[in-house]
Amino acid sequence: MSTSALTPVFIRLKLSLLRNGLRQSSGRRAAYITSVVVTLLFAALQLIGLIALRGNDHAASVVVLLTGVLALGWAVMPLFFPSGDETLDPTRLVMLPLRPRPLVSALLAASLVGIGPLFTLCLVVGSAFALAHGAFAVVVSVLAVPLALLVCVALARAVAAANIRLLTSRKGRDLAVLSGLVIAVGIQIVNFGAQRIGDAGGLSALDPAAAIVRWLPPASAIGAVDSASEGSYGVAVAQLALSVVALVLLLGSWQRSLTKLMTSPDGSTLAAASEPTRKESASGLHRLLPEGRTGTVMQRSLRYVWRDPKTKAAWVTALAIGLIVPMFNALQGTGSIYFACFAAGMLGIQMYNQFGQDTSAFWMVALTISSTKDAYAELRARALALLVITLPYTALVTVLTASLLGNWKALPEVLGLSFALLGAMLATGAVASARFPYSIPQDSAYKNVAPGQGGLAWISIFGGMISAAVLCAPVIALTIWLHASSGESATWLLLPVGAAYGLLIGWAGVRVAAPQTANRLPEILAAVSKG
């Protein structure tokens with residue numbers, strides 16, 4: 001089938017997929033319409049802002065870097081949102097009698113249908129308008145706008161086709177949970193960059209970076225408009241040529257990936273090779289854990305962290321934000337070493353709803369709990385598994401924060417406060433897990449609470465955090481008293497005091513939660529199995 005005949009078919013297919021998806025439920029239609037309205041509103045505001053930049057001395061730096069960031073977003077989008085567009089998966093077409101070259105053209109045309117391409121088009125048009133001065137620059141912008149858009153879309157398609165085996169596997173789904181981390185890190189980087197720009201005296205701080213990015217496609221296409229406005233016609237042509245070459249190379253890479261996908265067998269079409277049966281031996285981690293139930297429960301909890309996508313997402317996000325907040329505040333020069341306690345707070349949250357992360361499989365754990373002693377051993381082992389990660393991580397974040405601020409004198413007291421806070425959150429988390437368990441849906445990547453249990457989740461997490469802060473009051477009061485009474489020379493005592501207090505309060509919380517867990521097993525099982 002020729003390209004001219006295949007392209008309309010794929011465009012109609014894309015529209016049909018969109019229409020049929022919206023027919024599934026009114027909630028999905030409402031969410032899609034809301035996202036369209038918000039995206040278009042944001043795109044309109046961005047377009048107005050870019051138009052307002054026209055005539056500004058640093059407009060070229062802003063729009064060139066904006067185009068570069070936009071292209072980066074298109075490149076990583078398939079990696080973190082592999083299920084966002086069904087047409088991103090070319091393996092669905094391998095059984096059809098289609099040649100790769102016309103298939104590339106048809107898929108490229110179909111890829112231009114959607115909110116993302118429309119949003120990109122608005123930004124690229126605004127960028128070109130902000131820079132186009134003169135007849136030749138207008139002609140260049142007419143070529144640069146569609147060229148930049150095509151490079152962005154082709155980049156996303158080429159990345160998706162090259163990694164489709166990974167993206168449709170379990171590892172790919174695990175990779176998708178990192179999207180929250182990328183967003184969190186990106187927001188902090190943008191915030192840090194904006195503050196640096198303000199400290200440097202304005203948009204002129206962007207000029208050195210823009211001088212490099214303007215030669216990288218597709219930003220080079222927008223840079224060509226600026227070069228044409230300044231009368232550098234040869235430079236403008238060279239920058240346009242770079243984007244054209246990039247588009248050709250991306251389309252070629254995409255075509256080669258499609259050819260490989262449509263002609264090479266994968267694991268599902270090959271007979272599984274027989275492997276010799278190996279006796280399962282204890283892993284290195286297991287050999288380091290205690291014997292009996294404690295070691296078994298600890299290993300199970302740590303495996304949840306490594307293998308379960310929802311648990312892994314929560315841990316990765318907590319580890320990242322717990323490091324980002326104190327680090328970026330320290331780098332900005334306005335932070336305090338006490339921000340390092342944020343790491344202990346973020347990791348302590350992982351103790352809440354311990355049984356909910358087991359979902360319906362909790363019934364197997366419930367069968368092993370027949371007394372308060374069993375419940376105590378279960379909760380203690382889960383708390384110890386958390387401490388395997390949280391204790392060294394909390395110490396590491398505190399040391400890094402102290403080194404960036406040069407405030408080594410306050411290191412012992414902050415470590416003591418962090419350990420006390422961690423122990424308090426383990427205590428309240430154990431009680432909250434017994435008193436306010438809730439289910440974590442596994443069929444949705446965006447829901448962490450089953451319908452109807454939102455109140456339980458709020459009470460469990462925020463009530464527990466407030467209680468943890470109250471439990472830490474003695475150590476906080478001791479810290480304030482030492483500083484107020486000119487006893488800073490004795491603040492090093494807060495390290496052993498905070499560590500001992502955290503250990504004591506954590507043990508007490510587990511002891512209190514154990515009988516509640518043993519007595520409320522049917523209620524806990526019903527709550528965590530809901531949904």
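Excluded from the calculations below are hydrogen atoms, water molecules and symmetry mates; all remaining heavy atoms, backbone and side chain alike, are included.
- Between Leu411 and the choices Val414, Leu415, Asn407, the side chain to side chain contact (heavy atoms under 4.5 Å, CB included) rule is met once, by Leu415.
- Contact check for Tyr304 versus Asp358: side-chain heavy atoms found under the 4.5 Å cut-off.
- No donor-acceptor pair under 3.5 Å is formed between the side chain of Thr67 and the backbone N or O of Ala219.
- Here Leu40 contributes atom CG and Ile115 contributes atom CD1; the two are 7.0 Å apart, rounded to the nearest 0.5 Å.
- Atoms CZ and OG1, on Arg101 and Thr259 in that order, are 9.5 Å from each other to the nearest 0.5 Å.
- Closest approach of Leu70 to Leu123, counting heavy atoms only: CD1-CD1, 3.9 Å.
- Judged as a ring pair (Phe, Tyr, Trp, His ring centres under 6.0 Å), the pairs with a partner in residues 101-153 (not counting sequence neighbours) are, in order, Phe42-Phe119, Phe136-Tyr233.
- Looking at heavy atoms from C-beta onward, Phe10 lies out of side-chain contact with Ser105 at the 4.5 angstrom threshold.
- Across every non-hydrogen atom of Tyr352 and Met465, the tightest pair is OH-N, 3.5 Å.
- Of all the heavy atoms in Ala128 and Ser141, the pair that sits closest is CB-CB, 3.9 Å.
- Not a single donor-acceptor pair under 3.5 Å links the side chain of Ser253 to the backbone N or O of Leu249.
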> side chain to side chain contact (heavy atoms under 4.5 Å, CB included) between Val225 and Val63: does it pass, once the steps are laid out?
Replying inline: CA-CA 11 Å; Val225 179; Val63 299; over 6 Å; no

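- Using a distance-only test at 3.5 Å, with no hydrogens or angles considered, no donor-acceptor pair links the side chain of Ser227 to the main chain of Ala224.
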>> If you apply the rule side chain to side chain contact (heavy atoms under 4.5 Å, CB included), what do you find for Leu319 with Tyr393, and how did you get there?
In response: CA-CA 8 Å; Leu319 290 169; Tyr393 183 80; 3.7 Å; yes

>> If you apply the rule side chain to side chain contact (heavy atoms under 4.5 Å, CB included), what do you find for Leu347 with Leu386, and how did you get there?
In response: CA-CA 8 Å; Leu347 296 181; Leu386 264 69; over 6 Å; no

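- Counting all heavy atoms, side chain and backbone alike, Ser111 lies closest to Val153 at CB-CG1, 3.3 Å.
- Taken from CD in Gln239 to CZ in Arg214, the straight-line distance is 5.5 Å, to the nearest 0.5 Å.
- Between Cys152 and Ala71 the shortest heavy-atom distance is SG-CA, 4.1 Å.
- Counting only distance, with no hydrogens or angles, the side chain of Ser243 and the backbone of Ala221 share a donor-acceptor pair below 3.5 Å.
- Looking at Trp215 and Val235, their side chains come closer than 4.5 Å, going by heavy atoms from C-beta outward.
- In terms of heavy atoms, Thr401 sits closest to Pro326 at OG1-CB, 3.6 Å.
- A distance of 6.5 Å separates CG in Leu417 from OH in Tyr338, rounded to the nearest 0.5 Å.
- Between Leu121 and Leu112 the shortest side-chain heavy-atom distance does not fall below 4.5 Å.
- To the nearest 0.5 Å, atom CZ of residue Arg303 and atom OG1 of residue Thr311 are 14.5 Å apart.
- Ser229 places a side-chain N or O within donor-acceptor distance of the main-chain N or O of Leu131, the cut-off being under 3.5 Å.
- For Leu247, the side-chain contact (heavy atoms from CB on, under 4.5 Å) partners at least two apart in sequence or on another chain are Leu147, Leu150, Val151, Ala154, Leu251.
- Counting heavy atoms from C-beta on, the side chains of Leu66 and Leu50 come closer than 4.5 Å.
- Arg54 contributes a side-chain N or O that, together with a main-chain N or O of Ala132, makes up a donor-acceptor pair within less than 3.5 Å.
- By the 4.5 Å heavy-atom criterion applied to side chains, Leu149 and Val145 are not counted as neighbours.
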> Is there a side chain to side chain contact (heavy atoms under 4.5 Å, CB included) between Asp226 and Val64 once you walk through the steps?
Replying inline: CA-CA 9 Å; Asp226 181 59; Val64 164; 5.9 Å; no

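- Side-chain contact between Met327 and Leu404 is present, with heavy atoms from C-beta onward closer than 4.5 Å.
- With rounding to the nearest 0.5 Å, the separation of OG1 in Thr394 from CD1 in Ile389 is 11.0 Å.
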